[in-house]
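Below: one structure, written as structure tokens.
Hydrogens, waters and symmetry mates are skipped; everything else that's a heavy atom, side chains included, is used. Below, read A as the first sequence line, B as the second, and so on, with proteins coming before strands; counting in each chain starts at 1.
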2 protein chains.
Amino acid sequence: MATIYDVSQLAGVSLATVSRVINKNTNVGEKTRQKVLVAMEKLGYRPNTFAQSLASSCSNSVGVLVSQLDGPYYGPMMAEIEAALRAENKHVIIAVGHSDANQEKDSVEFLLDRGCDALILDVEAVSDEYLIDLSKGPTTIVLINRYIEQISERCIYLENELGGYMATKHLLSLGHRHIAYISGPAKKHDAIERLVGHKRALSELNIEFDPKLCFEGDYREEGGVDGMTYLLTQRQHKPFTAVVCANDQMVSGAISVCLERGMRIPQDLSFVGYDNIPFARYVSPKLTTVNNPIHEMGKMAALWLLKNLYNKNVEVNNVFMPELIERESSIST
Amino acid sequence: MATIYDVSQLAGVSLATVSRVINKNTNVGEKTRQKVLVAMEKLGYRPNTFAQSLASSCSNSVGVLVSQLDGPYYGPMMAEIEAALRAENKHVIIAVGHSDANQEKDSVEFLLDRGCDALILDVEAVSDEYLIDLSKGPTTIVLINRYIEQISERCIYLENELGGYMATKHLLSLGHRHIAYISGPAKKHDAIERLVGHKRALSELNIEFDPKLCFEGDYREEGGVDGMTYLLTQRQHKPFTAVVCANDQMVSGAISVCLERGMRIPQDLSFVGYDNIPFARYVSPKLTTVNNPIHEMGKMAALWLLKNLYNKNVEVNNVFMPELIERESSIST
DNA sequence: CTGTTAGCGCATTCAA
DNA sequence: TTGAATGCGCTAACAG
């Protein structure tokens with residue numbers, strides 16, 4: 001492998017000059033620049049990134065920590081992050097936190113040890129304090145899907161409460177008054193917020209929230225299955241005409257239970273989901289759901305770094321708004 | 001940040017000795033080893049990975065190149081790769097090839113420039129020759145989802161042709177004789193192989209393959225929609241009682257078209273998919289499909305590297321077998 | 001505008 | 001078993 005030294009020899013210039021053209025430093029005469037370029041070409045020269053990082057203490061790498069990699073949620077986010085960063089020749093190192101505090105911390109350490117210039121974090125288990133402390137460290141961090149007031153400018157997030165409100169409000173406006181709720185894990189921030197929104201919509205019409213009509217799911221299809229099975233048992237005592245699920249995967253599981261029991265959806269029961277994952281429009285019935293622009297948030301996190309860390313000139317905004325997508329799984333009473 | 005030098009000072013030993021204990025070199029006295037360990041602890045010392053890589057020309061990083069990151073397919077694969085590698089303290093750098101030859105090559109260059117010890121490639125557009133050449137280079141590569149005879153020991157793959165055969169064979173055994181096919185992109189290897197399997201099953205019963213009953217989709221839901229729309233038009237002239245789709249996403253799109261037109265599935269039309277993505281068991285009707293152990297293949301690629309590059313003692317096998325999962329979307333005529 | 005020089009933090013000979 | 005010396009390939013003052 002050719003080194004910067006070989007190039008300088010061939011071009012008849014010094015190491016420093018070669019380094020300057022590599023780094024697009026402007027203080028280089030056009031003629032010498034060309035000589036160097038030719039020499040680099042001739043030798044098939046590629047900079048050694050480790051040497052660059054060691055000498056400059058800038059790795060051009062950013063670590064991305066997500067809860068999971070499978071499932072329909074994080075793929076689009078990762079895709080946007082990779083694309084935006086890659087376009088600026090930064091690379092992304094991935095790590096998975098599994099929604100567990102220790103694993104999340106381990107992953108942060110892991111990424112820090114690897115010399116990442118910055119971290120994009122989608123973490124749930126770790127405390128606000130931990131993240132605030134981390135933000136004071138030497139490595140830039142930006143948070144996705146989480147709002148912490150003290151470091152709000154580093155947070156890219158969706159108005160989850162509003163989305164929860166919209167989902168239930170939609171059913172209310174269709175005439176439903178008895179609405180069940182299958183929630184996400186109580187330890188996840190977004191799950192809590194969505195539920196709060198649900199309750200707010202209810203209270204606006206002076207409808208009391210009934211804990212018996214609420215089930216804590218796991219954000220996966222199985223959670224929807226379990227939740228629906230539970231609710232159907234409750235139904236004898238606590239009738240309901242609609243259910244909102246805290247994400248689309250759980251709707252999918254819940255509906256499968258209903259269909260197996262011979263119920264018709266939406267005639268017998270209306271459903272509203274959350275996230276608007278790609279499948280939502282292809283299942284039957286097509287899902288009414290709250291749009292979650294997760295891929296845009298991923299892109300925005302990357303742009304945020306480009307702007308605030310790598311000094312690129314781009315626009316960023318931190319907060320995203322949910323939007324109700326009406327399809328076929330919900331009808332009026 | 002403390003350096004190896006600080007540690008050596010505090011421990012009262014030389015740089016070399018500290019380096020030895022970091023790298024678990026055995027030739028170190030137990031007492032001095034402890035002194036060093038204590039000093040490292042006291043200083044909160046973390047090795048600088050760039051310096052390590054520069055000095056040792058081993059980066060402990062592996063590049064993973066996939067076609068896309070969104071969609072239900074690559075998530076599970078990436079998850080397994082990350083987990084297996086992370087357990088051995090290797091990190092993974094991701095890149096996306098978008099099924100385009102130039103982008104795939106760019107990504108390979110990109111990962112190579114980043115000093116990856118090895119590359120895990122799931123590429124479709126690039127030629128066999130390119131990959132064979134690449135395998136002769138200094139950087140170890142392993143292929144997922146692709147079989148190239150000359151470098152077969154580096155290929156982790158599914159018997160796609162057999163899977164295609166099984167899908168159609170299943171319908172045949174249910175009495176279907178007129179079977180339509182929605183294929184994946186003709187430029188993708190696995191799509192071609194699956195189609196070949198379909199044809200083989202047909203020919204076993206002396207049924208002629210009818211190009212008019214075959215549509216080239218894009219492996220996405222939209223492809224299924226387009227394919228089904230086309231086939232339904234053809235149907236007047238070319239009746240059929242079953243459809244096999246080259247992946248589950250296209251089944252999903254295809255079925256949505258049928259339902260919209262008031263058809264009943266599987267009563268009016270049987271469907272068989274491919275891949276067995278998580279949703280397949282939660283949609284209605286539940287999908288009969290060919291299981292594709294994509295996550296196991298991801299894990300195996302990682303293990304292959306652990307064994308062949310990092311000299312770990314693990315078992316690997318290169319070829320995986322498809323398996324028919326019978327559910328509700330297919331019934332006998 | 002260009003060259004000289006001194007590290008960046010660590011692994012690895014080679015001696016002792 | 002340990003230490004001293006050298007260099008991995010590059011960046012960044014500084015000097016000219």
List in chain and number order the residues that pass salt bridge (charged side-chain N to carboxylate O under 4.0 Å, His left out) with B:E104, two or more places apart in sequence or in another chain; answer none if no residue qualifies.
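Residues passing salt bridge (charged side-chain N to carboxylate O under 4.0 Å, His left out) with B:E104: none at all.
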For B:E296, give me all partners under salt bridge (charged side-chain N to carboxylate O under 4.0 Å, His left out), at least two apart in sequence or on another chain.
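B:E296 satisfies salt bridge (charged side-chain N to carboxylate O under 4.0 Å, His left out) with no residue once adjacent residues are dropped.
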Separation of [X] atom [atom1] from [N] atom [atom2], in whole Å?
X: B:I22; N: C:dT12; atom1: CD1; atom2: C1'; value: 13 Å
X: A:L15; N: C:dC1; atom1: CG; atom2: P; value: 20 Å
X: B:I4; N: C:dC10; atom1: CD1; atom2: P; value: 5 Å

Answer with yes or no whether A:R46 presents, from its side chain, a donor or acceptor under 3.5 Å of a partner atom in the base of D:dG9.
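Side chain to base: no pair present.
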So what does [X] touch, heavy atoms closer than 4.0 Å: a base, only the sugar-phosphate, or nothing?
X: B:T32; value: sugar-phosphate
X: B:V13; value: sugar-phosphate
X: B:N27; value: base
X: B:S19; value: base

Could you check whether B:D190 and B:Y157, counting side-chain N and O atoms only, form a donor-acceptor pair closer than 3.5 Å?
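There is no such pair (donor and acceptor under 3.5 Å, judged by atom type) between the side chains of B:Y157 and B:D190.
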A:N145 and A:D122 side chains, donor-acceptor separation under 3.5 Å:
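Checked: A:D122/A:N145 side chains pair up, N/O donor to acceptor below 3.5 Å.
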Axis-to-axis angle between the two ends of the helix from C:dC1-D:dG16 to C:dA16-D:dT1 (five base pairs per end, rounded to 10 degrees):
30°
